[in-house]
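Just so you know, residue 1 is the first one in the sequence shown, and it goes up from there. All of these numbers come straight from a predicted model, not from anything done at the bench. Just so it is clear, the values below take in all heavy atoms, side chains as well, and ignore hydrogens, waters and symmetry mates.
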Amino acid sequence: QVQLIESGGGLVQAGGSLRLSCAASGRTFSSHTLAWFRQAPGKEREFVAAITWNSGRTFYADSVKGRFTISRDNAKNTVYLQMNSLKPEDTAVYYCAAKWAASSVYYGQNYDYWGQGTQVTVSS
């Protein structure tokens with residue numbers, strides 16, 4: 001089994017920053033991908049960013065490019081999401097997810113494990 005524990009959410013004013021963390025445990029982390037998704041009230045879950053563990057290749061949704069940065073700490077089995085220039089439309093529950101298959105990073109159904117989520121609220 002794999003456990004993904006998110007932290008770092010909270011309330012911030014528009015233009016501010018937050019850093020989310022996702023600590024992974026329970027399986028050998030090597031050839032996998034870790035990603036962040038988010039879901040706002042009344043909306044579908046959407047892809048935010050992903051990083052491949054071996055190569056560190058990153059992927060971003062257009063809506064967060066240039067504002068969010070995903071990174072990893074291999075020694076700690078932790079992935080981070082640095083969120084800058086936050087906007088009210090970034091308000092959502094943010095979920096960490098992990099997959100091992102060589103499938104598209106953009107679709108939630110390709111991920112095997114999910115965290116419990118952390119709330120991010122951006123006030124205007």
Side-chain angles (χ1 to χ4, degrees):
Q1 270 295 351
V2 171
Q3 280 194 315
L4 302 173
I5 307 296
E6 302 104 331
S7 61
L11 173 64
V12 65
Q13 288 189 333
S17 298
L18 281 175
R19 189 176 82 153
L20 305 183
S21 300
C22 173
S25 63
R27 180 171 172 172
T28 300
F29 287 90
S30 55
S31 57
H32 66 291
T33 297
L34 285 177
W36 291 96
F37 286 77
R38 67 186 181 186
Q39 188 166 21
K43 294 190 176 181
E44 298 279 325
R45 180 180 60 195
E46 65 174 355
F47 171 81
V48 176
I51 186 166
T52 59
W53 207 253
N54 283 346
S55 66
R57 185 181 176 189
T58 57
F59 306 80
Y60 294 96
D62 288 343
S63 59
V64 306
K65 277 180 185 174
R67 299 189 299 123
F68 291 10
T69 302
I70 190 169
S71 62
R72 75 202 193 287
D73 184 328
N74 290 30
K76 296 181 178 179
N77 279 341
T78 299
V79 64
Y80 304 98
L81 185 69
Q82 178 66 43
M83 306 185 294
N84 298 329
S85 301
L86 282 161
K87 306 174 181 180
E89 50 263 43
D90 294 317
T91 295
V93 177
Y94 283 69
Y95 296 92
C96 179
K99 71 177 187 74
W100 276 257
S103 53
S104 171
V105 303
Y106 297 106
Y107 302 104
Q109 60 263 37
N110 292 339
Y111 288 79
D112 306 295
Y113 298 98
W114 292 83
Q116 80 287 352
T118 185
Q119 177 70 46
V120 171
T121 303
V122 184
S123 63
S124 57

Quiz item: Got a second to check how far Ile51's CD1 is from Leu34's CG, nearest 0.5 Å?
Solution: 8.5 Å
Quiz prompt | Salt bridge Asp62-Lys65, side-chain N to carboxylate O under 4.0 Å | solution = yes
Quiz item: If you group Ile, Leu, Val, Met, Phe, Trp and Tyr by side-chain heavy-atom gaps below 4.5 Å, do Trp53 and Val2 land in one group?
Solution: yes
Quiz item: Can you tell me how far OH of Tyr106 sits from CZ of Phe47, rounded to the nearest 0.5 angstrom?
Solution: 5.5 Å
Quiz item: Same hydrophobic cluster for Tyr113 and Tyr94, using side-chain heavy-atom links shorter than 4.5 Å among ILVMFWY?
Solution: yes
Practice problem: Determine yes or no for a side-chain-to-main-chain donor-acceptor pair under 3.5 angstrom, with Lys99 supplying the side chain and Ala101 the backbone. | Solution: yes
Quiz item: Is the count of non-hydrogen atoms from other residues, nucleotides or ligands lying under 6.0 Å from Gln109 atom CD greater than 12?
Solution: yes
Quiz item: How long is the gap from CG on Leu11 to CD on Gln119, to the nearest 0.5 Å?
Solution: 9.5 Å
Quiz item: Has the side chain of Glu6 got a donor or acceptor atom that lies under 3.5 Å from a matching backbone atom of Gly117?
Solution: yes
Exercise. Please name the pair of heavy atoms, one in Val79 and one in Ser71, separated by the smallest distance, quoted to 0.1 Å.
Key: CG2-O, 3.1 Å
Quiz prompt | Val64-Val93 co-clustered via ILVMFWY side chain contacts under 4.5 Å | solution = no
Quiz item: Roughly how far apart are Lys76 NZ and Ser25 OG, rounded to 0.5 Å?
Solution: 15.0 Å
Practice problem: Kindly state whether the ring of Phe37 and the ring of Tyr111 have centres lying under 6.0 angstrom apart. | Solution: yes
Quiz item: What heavy-atom pair brings Ser124 and Pro88 nearest, and what distance separates the two atoms?
Solution: CB-CG, 3.8 Å
Exercise. Flag the pair Thr33 / Phe59 as yes when at least one side-chain heavy-atom distance between them is below 4.5 Å, and no otherwise.
Key: no
Practice problem: State whether the side chain of Arg38 and the backbone N or O of Val48 hold a donor-acceptor pair below 3.5 Å, judged by distance alone. | Solution: no
Quiz prompt | Joint cluster assignment, Leu18 & Leu81, ILVMFWY side-chain distance < 4.5 Å | solution = yes
Quiz prompt | Spacing of CZ belonging to Arg19 relative to CE belonging to Met83, to within rounding of 0.5 Å | solution = 11.0 Å
Quiz item: Gly9 and Val120: which non-hydrogen atoms are nearest, and at how many Å?
Solution: CA-CG2, 4.2 Å
Practice problem: State the NE2-CG distance between His32 and Asp112, to the nearest 0.5 angstrom. | Solution: 11.0 Å
Quiz item: Where is the tightest heavy-atom contact between Ser103 and Asn110, given as atom of each residue plus distance?
Solution: OG-CB, 3.3 Å
Quiz item: Can you name the closest pair of heavy atoms from Ser17 and Ser85 and give their distance?
Solution: OG-N, 4.4 Å
Self-check item: Verdict with reasoning, Cys96 to Trp114, per side-chain contact (heavy atoms from CB on, under 4.5 Å)
Solution: CA-CA 6 Å; Cys96 179; Trp114 292 83; over 6 Å; no
Quiz item: When clusters are formed by joining ILVMFWY residues with side-chain heavy atoms under 4.5 Å apart, either directly or through shared neighbours, do Leu4 and Tyr95 land in the same one?
Solution: no
Quiz prompt | Under 3.5 Å donor-acceptor, Thr52 side chain and Arg57 backbone | solution = yes
